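Just below is one structure, and these are the notes that go with it.
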Amino acid sequence: MAEEKLTTQAENFSDWYNELVIRAELADYSPVRGCMVVRPYGWRVWENIQAALDKRFKETGHVNAAFPLLIPKSFLEKEKEHVEGFSPELAIVTVGGGEELEEPLVVRPTSETIIGYMYSKWVKSWRDLPILINQWGSVVRWEMRTKLFLRTTEFYWQEGHTAHATEEEAREETFRMLDVYADFAINEAAIPVIKGIKSETEKFAGAVMSTTIEAMMGDTKALQSGTSHFLGQNFAKAFEIQYSDKNNELQFAWTTSWGLSTRMVGAIIMTHGDDKGLVLPPRLAPIQVVMVPIFKNESEKRQVMPVADDLFAALRAAGVRVKMDDREEVTPGFKYNDWELRGVPLRMEIGPKDIEKNSVALARRDVPGREGKIFVPQTGIVPTVQNLLVEIQAALLAKATAFRDSHIFSPNNFEELTQVLQNGWALSHWCESSACEAKVKEATKAATRCIPIDQPASTGACIVCGQPSKRKVIFGKAY
RNA sequence: CGGGGUGUAGCGCAGUUGGCAGCGCACCGCGUUUGGGACGCGGGGGCCGGCGGUUCAAGUCCGCCCACCCCGACCA
């Protein structure tokens, strides 16, 4: 049961987040360092994310499968950049069944290697391509500093792995899945994201090109919320994924991989949450409408409950995720705060006055106080609620977009760049050299987030060194 | 691994010159309450992070160790 007030975002955004995750019962700390327990309420959010993504994966021709958790250590070593990137954060199993293993097994940090190995077995002919497989699972990366949902030692995600006959096809796939992620983020999570390409230093270990959707959190820090990689032939060569083309010539395949994790839950919390707690987008909320019946005594209860039950049944029959909070040991006021903390988009209050007037009170989570509370007739409650949920979903996206756009700046020089990065992102010309990127990081702790894909053609001078630049990049502090 | 901090009930904390281990919230029971975080009465719950030392006596003093948190280096 919730206690009193949350730390406010202004007081300490990080404390606000940590307290909220615990008190809203999304997740809890586990006895194992850096690992988290996803509690039922948090997991239902993840399940809704999974459903929305999985539907999109299927629509774009992908199928699900499952690959092993344990991978021979030698597999990781077959791709040079991949092993360099991941070896510091591997968990390694050396004993099984009481015996020292002949070859140590790594707990997968990602599955390019073992899937690459399997693809080499499955691919013989151009007719075997493309292979479009996704897997839902978890991976382990031995992180130094962890934070619930954002960075934990084990995290849950999906990883898609595809193999194609041509470079062009593989590049198309990379961007197709980036579009899927962006569509999901915007239309399901109500998080405006910027699609872009990662710099050389920020890209995935082993990729030729990494793309990302970047979101701005409520403290203006950036969160990479999903990534899609064009792997070129790097893994195909390391694992000998080869096929005979139509001319019977042996070719290496071209592969991609793309992932989105439970980090998305953290993104939702930090994009929409406020000082009263969580604010969940209706499309992903485990509970879309919570009903709070109000009565003082048995006689009022006998009047109120049958009507409340009927409304509940009508909403549920219409597919609305509705919950009746019929606890009698806590007051309605307590319930209001409790469900606001948990981010339920819409609250319905129904008491004796409503029975008299054939009305109910509806309170929007995204509009605080009296302004968000309206009285509507019980008649037609289903469309009323459905329309409001759609409205709330749109309002969340609009609000988050306005917030983000008001915190993206266009500094004119390096000095201004360091200034604006204290309170947002910078969109600037950049020569794409690692040296200039490092200088910005040195001065501000901010890195390049991505080169936005959708940007008007322009030429300019690198904000750091003044060399000519053809594209703008986003700089920002990141999680 | 560097810098800083904290370990006392589930959570947040107090504990004076060393002298019966406490408070608030949460939890359990009973009753009254219930349209924005109700109240009364009665209860349960402790290896005071660990080990060692000083002392008649240690949550308190001394030493060592451990864990966790925050800030950096690394990261979806």
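The chains referred to below are lettered A, B, ... by the order of the sequence lines, with proteins before strands, and numbering in each begins at 1. Since we're looking at a predicted model, the values are computed, not measured.
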Discussion item. Checking side-chain polar atoms at under 3.5 Å, does A/His161 have a donor or acceptor matched by the opposite partner on A/Glu159?
Written reply: yes
Response to the item:
Atom CZ of A/Phe334 and atom C1' of B/G36 are separated, to the nearest Å, by 12 Å
Worksheet item: Hey, does the side-chain of A/Arg370 have a donor or acceptor N/O within less than 3.5 Å of a partner on the base of B/G36?
Response: no
Fill in: A/Thr331 side-chain N/O to B/A38 phosphate OP1/OP2 under 4.0 Å
yes
Item to complete: Please work out if A/Glu143 contacts a base, only the sugar-phosphate, or nothing of the nucleic acid, heavy-atom cut-off 4.0 Å.
Response: base
Discussion item. My understanding is that a pair needs two contacts under 3.5 Å, Watson-Crick or G-U wobble. By that rule, which nucleotide pairs with B/G63?
Written reply: B/C51
Worksheet entry | Gap in Å between the two C1' atoms, one belonging to B/A14 and one to B/A57, rounded | 23 Å
Discussion item. What's A/Ser138 touching, base or sugar-phosphate or nothing? Going by heavy atoms closer than 4.0 Å.
Written reply: nothing
Worksheet item: Does a side chain donor of either A/Ser111 or A/Gln135 reach within less than 3.5 Å of an acceptor in the other side chain?
Response: yes
Worksheet entry | Pairing partner (Watson-Crick or G-U wobble, both distances under 3.5 angstrom) of B/G36 | none
Discussion item. Distance criterion of 3.5 Å, no angle test: do you see the side chain of A/Asp354 paired donor-to-acceptor with the base of B/G35?
Written reply: yes
Item to complete: For A/Gly259, answer base if it contacts any base atom (sugar-phosphate contacts may also be present), sugar-phosphate if it contacts only those atoms, and nothing otherwise; contact means non-hydrogen atoms under 4.0 Å.
Response: nothing
Item to complete: Return the 5'-most residue of the pair A/Lys276, A/His229 with respect to RNA chain B, ranking by each residue's nearest nucleotide.
Response: A/Lys276
Discussion item. Rounding to an integer number of Å, can you tell me how far A/Leu20 CG sits from B/C11 P?
Written reply: 19 Å
Discussion item. Between A/His62 and A/Glu173, is there a side-chain donor-acceptor contact under 3.5 Å, judged purely by atom types and distance?
Written reply: yes
Fill in: Considering all heavy atoms, the nearest A/Arg283-A/Arg321 contact
O-NH2, 3.1 Å
Worksheet item: Ion pair present between A/Lys441 and A/Glu437, side-chain N to carboxylate O less than 4.0 angstrom?
Response: no
Discussion item. Once you apply a heavy-atom cut-off of 4.0 Å, does A/Lys373 come out as touching a base, just sugar-phosphate, or nothing?
Written reply: base
Discussion item. Taking pairing as Watson-Crick or G-U wobble with both contacts under 3.5 Å, can you name the mate of B/G29, or confirm there isn't one?
Written reply: B/C41
Worksheet item: Using purine N1 to pyrimidine N3 plus N6-O4 or O6-N4 for Watson-Crick, or N1-O2 and O6-N3 for G-U wobble, each under 3.5 Å, what pairs with B/G22?
Response: B/C13
Worksheet item: Within this structure, what is the OH-to-C1' distance between A/Tyr17 and B/C69, rounded to whole angstrom?
Response: 16 Å
Worksheet item: Which of these, A/Thr174, A/Thr256, A/Asn134, sits in a side chain to side chain donor-acceptor pair (under 3.5 Å) with A/Thr162?
Response: A/Thr256
Discussion item. Using only modelled atom types and a 3.5 angstrom limit, is any donor from either the side chain of A/Glu340 or the base of B/G36 paired with an acceptor on the other?
Written reply: yes
Worksheet item: Choosing from B/U34, B/A76, B/A73, which nucleotide comes nearest the side chain of A/Lys445?
Response: B/A73
Worksheet item: Nearest-Å distance, CD (A/Glu329) to P (B/C30)?
Response: 12 Å
Worksheet, complete the sentence: By nearest-heavy-atom nucleotide on RNA chain B, the more 5' of A/Gly85 and A/Tyr336 is A/Tyr336
Worksheet item: How is A/Lys353 classified with respect to the nucleic acid when contacts are heavy atoms under 4.0 Å: base, sugar-phosphate, or nothing?
Response: base
Item to complete: State the pairing partner of B/G72; accept Watson-Crick or G-U wobble contacts with both distances under 3.5 Å, and report none otherwise.
Response: B/C1
Worksheet entry | Options B/G35, B/C70, B/G37, nucleotide nearest the side-chain atoms of A/Asn18 | B/C70
Worksheet item: Is A/Leu260 touching bases, backbone alone, or none of the nucleic acid, heavy atoms closer than 4.0 Å?
Response: nothing
Worksheet item: Quick one: A/Glu19 CD to B/G10 C1', roughly how many Å, whole number?
Response: 16 Å
